[in-house]
Structures are given as C-alpha cells and as structure tokens.
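Working notes, beginning with the structure itself.
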Amino acid sequence: MNWLRKLFTKPQVDDGRDPTQSNAYDIIGGDNVIRAIAHDFYQQMQTRPETQALLAIHRSPIADSEQKLYEFLSGWLGGPPLYQQKHGNPALRARHTPFAIDESMRDQWLICMRAAINNAIKKPEHQQVIIQAISTLADNMRNQ
Ligand code: HEM
C-alpha cells in the first residue's frame, strides 16, 4: 500500500509479516489500538441516532462483527493477518454483496470509523492518512 509506505517506515519484525508492507500497525500503537478502534466503531454505531439504519442491517451479534473488524484491520494496517488466518481471503467486496450499500450506508459507516480512529490514534497526521485510505475502501464497498 503506497500511501502507507510513504508515511511510515518499514518494520523490523520477524513474525511472518511481509517486511515490504508498512508498519502503520506498530506506529499507531499495535494490537491495543486496533482493538480500541473496532470496539469504539461499534459503540458509535449503537449510540448515534444517525447510524441506526446501518446498525439494523447487521445480522450477527455485534461482538462477532467487532471481532472480525479487529482481525481485518490488524492485517490491513501491516500487523498480524488475523482475519486471513481465521477466515481466508477477506474478499471484502464480495462479503458485502448481501447488504444494500448506498452512499448513505457508506457515510454512516464512515461517521463511526472516523470517530473511532480520531479517538484511538493520537497523531492527527496518522489519523488523516488512515481515514483517507479507509474512505476509499468504504466507497469501494458500495453496490448501489
Ligand atoms: C461502506 C460501508 C459498509 C457497510 C454498510 C458495511 C456493513 C457490513 C455489514 C452489515 C456486515 C455484516 C455484519 C454481520 O454479519 O452482522 C459487514 C461485515 C464486515 N465488514 Fe463491513 N461494511 C462497510 C464497509 C466496510 C469496510 C470499509 C471494511 C474494512 C475496513 C469492512 C469490514 C468488514 C468485515 C471484516 C466484515 C466481516 C466479514 C465476514 O467475515 O463476514 N466493512 N459489514
């Protein structure tokens, strides 16, 4: 991911990660911070009046969805690829086709994610670059 490589230096780790990938994961604070983002994301969704339509299309217990989001973000940010190890290829767009995702759903998703990132990540420049990349990913999830 070029946008991450530009901002962050390469990791000095030997735990199976691809050393050519960014170490955004380490720089923003590793596992605890990723867990906090996933948890806060679903807290936001459950408490904001403007994101109730998004909450309503969830079918699994929220704890399960939170766990999967945490696992995905870990690998996506250059940390341990937990989602891949447990569930295989993320193929995120395909996994979202059962849900009607239009601009409004995307925006609700991003409201929660933006808040969670801003709460969990300290440096504004890190918040910014990750929000930018995840916004592109979220827009790619639209199927309507
Ligand atoms: C843009 C709007 C998006 C909407 C409306 C949306 C909605 C959903 C819904 C309803 C589920 C199913 C949860 C359940 O089973 O109850 C889901 C699963 C998931 N979403 Fe999203 N999502 C969006 C974007 C994203 C993005 C950008 C990511 C990655 C950063 C993501 C990561 C995931 C993951 C990892 C799962 C679990 C997939 C699985 O293994 O079943 N989603 N999403």
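All values below come from the heavy atoms of this structure, side chains included, with hydrogens, waters and symmetry mates left out. Order of listing sets the numbers, starting from 1, for every ligand and every atom in it.
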Quick one: look up the protein heavy atom nearest [atom] and list residue, atom name and how far away it is.
{"atom": "atom 37 (C) of ligand 1", "answer": "Lys68 CD, 3.7 Å"}
{"atom": "atom 3 (C) of ligand 1", "answer": "Trp109 CD1, 3.3 Å"}
{"atom": "atom 5 (C) of ligand 1", "answer": "Leu54 CD1, 3.4 Å"}
{"atom": "atom 12 (C) of ligand 1", "answer": "Phe99 CZ, 3.4 Å"}

Measure from [atom] to every heavy atom in [options] and give the option owning the shortest one.
{"atom": "atom 31 (C) of ligand 1", "options": "Glu66, Met141, His96", "value": "His96"}
{"atom": "atom 15 (O) of ligand 1", "options": "Ala56, Ser60, Gly75", "value": "Ser60"}
{"atom": "atom 40 (O) of ligand 1", "options": "Trp76, Phe72, Tyr83, Phe41", "value": "Tyr83"}

With a 4.5 Å limit on heavy-atom distance, are the side chains of [X] and [Y] in contact?
{"X": "Tyr42", "Y": "Leu69", "answer": "yes"}
{"X": "Lys86", "Y": "Gln67", "answer": "yes"}
{"X": "Ser74", "Y": "Tyr25", "answer": "yes"}
{"X": "Ile111", "Y": "Gln44", "answer": "no"}
{"X": "Trp109", "Y": "Ile134", "answer": "yes"}

What atoms of ligand 1 come within less than 4.0 Å of a heavy atom belonging to [X]?
{"X": "Arg59", "value": "14 (C), 16 (O)"}
{"X": "Ser65", "value": "13 (C), 14 (C), 16 (O)"}
{"X": "Arg106", "value": "1 (C), 2 (C)"}

Using 0.5 Å steps for rounding, measure from the NE2 atom of His87 to the CG atom of Leu82.
9.0 Å
Rounding to 0.5 Å, atoms CD (Glu66) and CD1 (Ile37) come to a distance of 12.0 Å
Please evaluate residues Gln132 and Thr136 with respect to the criterion side-chain hydrogen bond (donor to acceptor under 3.5 Å, both in side chains), reporting the C-alpha separation (whole Å), side-chain torsions for both, the decisive distance (0.1 Å), and the verdict.
CA-CA 7 Å; Gln132 195 187 329; Thr136 305; over 6 Å; no
Where Gly29 and Val33 come nearest, the two heavy atoms and their spacing
CA-CG2, 3.8 Å
For His58 and ligand 1, does the shortest N/O to N/O distance drop below 3.5 Å?
no
Within-shell test, His87 vs ligand 1, heavy atom, strictly < 4.0 Å:
no
Contact partition for [X] relative to ligand 1, non-hydrogen atoms under 4.0 Å:
{"X": "Leu110", "value": "neither"}
{"X": "Leu92", "value": "side chain"}
{"X": "Ala138", "value": "both"}

Candidate pair Tyr70 and Asp31, rule side chain to side chain contact (heavy atoms under 4.5 Å, CB included), full reasoning:
CA-CA 9 Å; Tyr70 152 69; Asp31 190 68; 2.4 Å; yes
